[in-house]
Amino acid sequence: TMMGLRQASALLVLFLAALQLPPQCAQDPAMVHYIYQRFQVLEQGLEKCTQATRAYIQDFQEFSKNISVMLGRCQTSTSEYKSAVANLALRVERAQREIDYLEYLRGADVCLESEDKALAEKLIQEAEEEKKIRTLLNASCDNMLTSIKSLKIVKKTMDTHGSWMKDAAGNSQKVYFLVGSRNKTLWEFANMRAFMEDSTKPAPRKFILTHSWQGTGHVIHKGFLFFHNQGTLNEIIKYNLQKRTVEDRMLLPGGAGRALVYQHSPSTYIDLAVDEHGLWAIHSGPGIYGHLVLTKIEPGTLGVEHSWDTPCSSQDAEAAFLLCGVLYVVYSSGGHGPHRVTCVYDPLGTVGEEGLPNLFFPRRPRSHSMIHYNPRDKQLYAWNDGNQIIYKLQTKRKQPRE
């Protein structure tokens, strides 16, 4: 700055002195005056430069100070801005949580309303279903099985499998005899004595059916033979014995006919039954040794009135029958006995296994090919190892379950 300018002036003087002008030049006033003026101009220029430099330095210092102040303010503003943004983000997050919570409450209320509505509808449906079942099973029958009193072998044949019965409705004394698990020949005997004694007159009538039956689960109800049509999965035929023609047919729903209904009855896939409430069908549910499915059928129209999934398994089962709307399933170990009712299902829930006495059948060497209840004479008709058997029963009034 100033010190530098002075040093420059001294150097210039030294430089001029070194030139050692001749005496005549040094004595020339004009030349001295000229040099002096030039020095003055130079000093003035140096002074102006010094002043300008000082002004520049001062302006720069002011600018630097202002910049520092502005940077400080900017940092302060930036911190405040960041704080405001962070605060806003927290508020937005809190608001979002509140909105989510309100949506959850709203959804929960909707779910609760839906669950309450669904529960109410379910209860109404169950009440209507129970009412329908009670209306369906309203026959004047409130008996339950307490024991199997005795056994009577009515006839002996050489056929291991077969079925025999009376008409479950009406006053007919005719006895019907169906030999084998796949056949189409039915024999009609005038009465029990004619069935027991082959020589008794009149001779039995022979029916050649239009279709063969499958298994041993056939029944006769009000002059009609109901049987599972051989070669079909689940077709039930209603055969008019008087006209000797097929009256009607139906396909039993619910997966019927896909598996044996009883493990120890190797040819029966659908077992039909008759009791005081009318016509029923029993078949196995899905899977190997599934639980039994019970279906109520309207015999006039062959319409399905209702179906129940029972807790009774088809494993180790050999036969089943219905008495007053209650399903009794007969089991045996390996098919060789003892033969015992160990599963009972009542659609009305009146009869349960906990109050059931020990229901043993008289010991037989093999499993039963069929056991059917006749509501007219309150007896069981059975086929066991070629023997046609009647079991007499003892019953009592049903006791309401607590």
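Values reported hereafter were calculated over all heavy atoms of this structure, with side chains retained and with hydrogens, waters and symmetry mates removed. Here the structure is a predicted model, which means the values were calculated and not measured.
Using a 4.5 Å cut-off on side-chain heavy atoms (C-beta onward), Thr350 and Asp142 make no contact. Met192 has its side chain within reach of Ile390: a pair of non-hydrogen atoms, C-beta onward, lies under 4.5 Å apart. Residues Val329 and Tyr345 fail the side-chain proximity criterion, which asks for heavy atoms closer than 4.5 Å. Looking at heavy atoms from C-beta onward, Leu209 lies in side-chain contact with Phe227 at the 4.5 angstrom threshold. Counting heavy atoms from C-beta outward, His221 and Leu279 have side chains that stay 4.5 Å or more apart.
Remark: Lys155 pairs with Asp198 by the salt bridge (Lys or Arg N to Asp or Glu O under 4.0 Å) rule, at least two apart or across chains. Not a single salt bridge (Lys or Arg N to Asp or Glu O under 4.0 Å) links Lys392 to another residue, sequence neighbours left out. Applying the side-chain hydrogen bond (donor to acceptor under 3.5 Å, both in side chains) test to Lys174 and every residue at least two apart in sequence or in another chain returns nothing. Phe226 is linked by a ring-ring contact (aromatic ring centres under 6.0 Å, His included) to nothing, counting only residues two or more places apart in sequence or in another chain. For Asp385, the salt bridge (Lys or Arg N to Asp or Glu O under 4.0 Å) partners two or more places apart in sequence, or in a different chain, are Arg366. With sequence neighbours excluded, the residues forming a ring-ring contact (aromatic ring centres under 6.0 Å, His included) with Phe189 are Phe195, listed by chain and number. Applying the ring-ring contact (aromatic ring centres under 6.0 Å, His included) criterion to Tyr269, with sequence neighbours excluded, gives no partner residue. Qualifying salt bridge (Lys or Arg N to Asp or Glu O under 4.0 Å) partners for Arg205, counting only residues two or more places apart in sequence or in other chains: Glu188. Judged as a side-chain hydrogen bond (donor to acceptor under 3.5 Å, both in side chains), and not counting sequence neighbours, Tyr328 has no contacts. Annotation: side-chain hydrogen bond (donor to acceptor under 3.5 Å, both in side chains) contacts of Asn229 (sequence neighbours excluded): Glu235. By the ring-ring contact (aromatic ring centres under 6.0 Å, His included) test, Tyr381 is found to be paired with Trp164, residues two or more places apart in sequence or in another chain being considered. In this view, Tyr36 and Gln40 satisfy the side-chain hydrogen bond (donor to acceptor under 3.5 Å, both in side chains) rule, not counting sequence neighbours.
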Asp100 vs Gln96, side-chain hydrogen bond (donor to acceptor under 3.5 Å, both in side chains): CA-CA, chis, key distance, verdict: CA-CA 6 Å; Asp100 293 341; Gln96 185 62 48; 3.0 Å; yes

Evaluation steps, ring-ring contact (aromatic ring centres under 6.0 Å, His included), between Phe321 and His368: CA-CA 12 Å; Phe321 58 92; His368 292 84; over 10 Å; no

Side chain to side chain contact (heavy atoms under 4.5 Å, CB included) between Leu241 and Tyr176, worked out: CA-CA 11 Å; Leu241 292 174; Tyr176 297 91; 3.8 Å; yes

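More than 12 heavy atoms of other residues, nucleotides or ligands shown are found within 6.0 angstrom of CZ on Phe360. Remark: Arg244 CZ is packed, more than 12 non-hydrogen atoms of other residues, nucleotides or ligands lying under 6.0 Å away. The number of heavy-atom neighbours closer than 6.0 Å to CD of Gln37, taken from other residues, nucleotides and ligands shown, is above 12.
If you check the side chains of Gln263 and Tyr331, you find no donor sitting under 3.5 Å from an acceptor. Between the side chains of Thr216 and Ser181, no donor-acceptor pair is found at a separation under 3.5 Å.
Here His372 contributes atom NE2 and His218 contributes atom NE2; the two are 8.0 Å apart, rounded to the nearest 0.5 Å. A distance of 11.0 Å separates CG in Asn387 from CG in Asp159, rounded to the nearest 0.5 Å. With values rounded to the nearest 0.5 angstrom, Gln214 atom CD is found 12.0 Å from Ile237 atom CD1.
In terms of modelled atom types and a separation under 3.5 Å, the side chain of Thr157 and the main chain of Gly386 share a donor-acceptor contact. Side-chain atoms of Glu276 come within 3.5 Å of backbone N or O of Cys324 as a donor-acceptor pair. With hydrogens and angles disregarded, a donor-acceptor distance shorter than 3.5 Å links the side chain of Lys296 to the backbone of His277. Checking side-chain atoms of Lys378 against main-chain N and O of Leu393 turns up no donor-acceptor pair under 3.5 Å. A donor-acceptor pair is defined here as one N or O able to donate and one able to accept, closer than 3.5 Å; no such pair exists between the side chain of Asn234 and the backbone of Gly257.
When each of Ser367, Ser332, Ser369 is tested with Glu318 by the rule side-chain hydrogen bond (donor to acceptor under 3.5 Å, both in side chains), just one qualifies, namely Ser332.
Asp167 approaches Ile220 most closely through the heavy-atom pair OD1-O, 3.5 Å.
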